[in-house]
Engineer: 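Take a look at this one; I'll ask things after.
Scope of the values below: all heavy atoms of this structure, side chains included, with no hydrogens, waters or symmetry mates.
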Amino acid sequence: CSSTRAPRPSPTPAPLARPPRPPASRLAYVRTPCTAVVSGLVDFMPAEALINRRVLLICNLKPAKMRNVESSAMVMAASNDDHTKVELLTPPEGCAIGERVSFAGFEGEPLAPSSKSGWEAVRKAWEAVQPELTTSKDRVACFQTTPFGTAHGVCTVATIALGKIK
């Protein structure tokens with residue numbers, strides 16, 4: 001972990017401990033070794049389901065306050081078409097915490113914001129990329145048709161094939 005935001009989607013363990021939830025029943029507050037995350041996933045899974053889970057986080061989005069708690073990352077999850085089922089993206093076994101996720105054919109450095117205009121560039125890039133994030137028929141997380149890759153394999157979901165990722 002470093003004091004700067006990781007400029008990439010980054011496999012990270014879910015919290016080793018869960019501090020009290022923020023004052024809203026639909027939000028879960030979780031801590032990873034590097035950051036705090038406020039998530040709206042409790043409509044789809046109990047907050048306890050995040051404890052000690054390895055998940056994918058996007059850590060270079062602008063921090064946001066949710067119910068007076070700053071969230072410095074976003075948990076990546078896939079959903080079915082009618083958004084009645086949501087599952088966390090899971091890095092492959094053996095993947096190092098904080099390992100950079102890559103996309104074959106899309107080389108280059110991720111955006112690393114350092115100013116207000118930098119955050120705006122990140123926001124615009126996320127808005128352009130996010131609609132292209134899906135799961136394949138084999139439940140592999142993909143950007144367009146390119147898998148989310150690590151040195152130990154690809155990131156997946158448990159059961160949602162041909163889903164959308166947010």
Engineer: Return the CG to CE distance between Asn68 and Met66, rounded to the nearest 0.5 Å.
Structural biologist: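 Rounded to the nearest 0.5 Å, the CG-CE separation comes to 12.0 Å.
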
Engineer: Taking all non-hydrogen atoms of both residues, which atom of Arg100 and which atom of Gly108 are closest, and how far apart?
Structural biologist: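 Shortest heavy-atom contact: NH2-O, 2.6 Å.
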
Engineer: Please report the interatomic distance CD1(Ile58) to CG(Leu133), rounded to the nearest 0.5 Å.
Structural biologist: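 So the gap between those two atoms works out to 7.0 Å.
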
Engineer: What's the shortest heavy-atom distance between Glu70 and Ser72, and which atoms?
Structural biologist: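 Nearest pair, atom of Glu70 first, then Ser72: OE2-OG, 3.6 Å.
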
Engineer: Any sub-3.5 Å donor-acceptor pair from Glu107's side-chain atoms to Gly105's backbone N or O?
Structural biologist: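 Answer holds: yes.
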
Engineer: Name each donor-acceptor pair under 3.5 Å that joins a side chain in residues 73-86 to protein atoms two or more places apart or in another chain, with its distance.
Structural biologist:
{"residue": "Ser79", "atom": "OG", "partner": "His83", "partner atom": "ND1", "Å": "3.0"}
{"residue": "Asn80", "atom": "OD1", "partner": "His83", "partner atom": "N", "Å": "3.0"}
{"residue": "Asn80", "atom": "OD1", "partner": "Thr84", "partner atom": "N", "Å": "2.9"}
{"residue": "Asn80", "atom": "OD1", "partner": "Lys85", "partner atom": "N", "Å": "3.1"}
{"residue": "Asn80", "atom": "ND2", "partner": "Asp82", "partner atom": "OD1", "Å": "3.1"}
{"residue": "Asn80", "atom": "ND2", "partner": "Thr84", "partner atom": "OG1", "Å": "3.0"}
{"residue": "Asp82", "atom": "OD1", "partner": "Thr84", "partner atom": "N", "Å": "3.4"}
{"residue": "Asp82", "atom": "OD1", "partner": "Thr84", "partner atom": "OG1", "Å": "2.8"}
{"residue": "Lys85", "atom": "NZ", "partner": "Thr159", "partner atom": "OG1", "Å": "2.7"}

Engineer: Under a 3.5 Å distance rule, please check whether Glu99 uses its side chain to pair with a backbone N or O of Ala151 as donor and acceptor.
Structural biologist: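 Indeed, once roles are kept as given, a pair shorter than 3.5 Å links the two residues.
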
Engineer: Rounded to the nearest 0.5 Å, what's the gap from NZ on Lys166 to CD on Gln130? Could you check?
Structural biologist: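 Result: 5.5 Å between the selected atoms.
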
Engineer: Using a 4.5 Å cut-off on heavy atoms from C-beta on, say whether the side chain of Ser71 contacts that of Pro63.
Structural biologist: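 With C-beta onward as the side chain, the pair stays apart.
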
Engineer: Closest heavy-atom contact between Phe143 and Phe148?
Structural biologist: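 Taking Phe143 first and Phe148 second, the nearest heavy atoms are N-CE1, 3.8 Å.
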
Engineer: How close do Lys164 and Thr134 get, heavy atom to heavy atom, and via which atoms?
Structural biologist: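 It is NZ-CG2, 4.2 Å.
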
Engineer: Not counting sequence neighbours, list each pair that qualifies as a salt bridge (charged side-chain N to carboxylate O under 4.0 Å, His left out) and has a residue in residues 125-150.
Structural biologist: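 Matches after skipping sequence neighbours: Arg123-Glu127.
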
Engineer: Can you name the nearest heavy-atom pair linking Pro131 to Trp126, along with the distance?
Structural biologist: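 It is CD-O, 4.4 Å.
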
Engineer: Do Ile165 and Val154 share a hydrophobic cluster, counting only Ile, Leu, Val, Met, Phe, Trp and Tyr and linking them when any side-chain heavy atoms are less than 4.5 Å apart?
Structural biologist: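 No.
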
Engineer: Using every non-hydrogen atom in the two residues, find where Ser136 and Cys142 come nearest and quote the distance to one decimal.
Structural biologist: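 Closest pair (atom of Ser136, atom of Cys142, distance): CB-SG, 4.2 Å.
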
Engineer: Do Glu87 side-chain atoms and Ala158 backbone N/O form a donor-acceptor pair below 3.5 Å?
Structural biologist: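 Flag set: sc Glu87 to bb Ala158 pair under 3.5 Å.
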
Engineer: Hydrophobic cluster membership, with links at side-chain heavy-atom distances under 4.5 Å among I/L/V/M/F/W/Y: are Leu88 and Val37 in one?
Structural biologist: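 Per the 4.5 Å side-chain linkage, Leu88 and Val37 are co-clustered.
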
Engineer: With no hydrogens and no angle check, is any side-chain donor or acceptor of Thr135 less than 3.5 Å from a backbone partner on Leu162?
Structural biologist: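 Yes: the side chain of Thr135 pairs with the backbone of Leu162.
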
Engineer: Let me confirm one number: the CD-NZ distance from Glu120 to Lys62, rounded to the nearest 0.5 Å.
Structural biologist: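 Spacing of CD (Glu120) from NZ (Lys62) equals 8.5 Å.
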
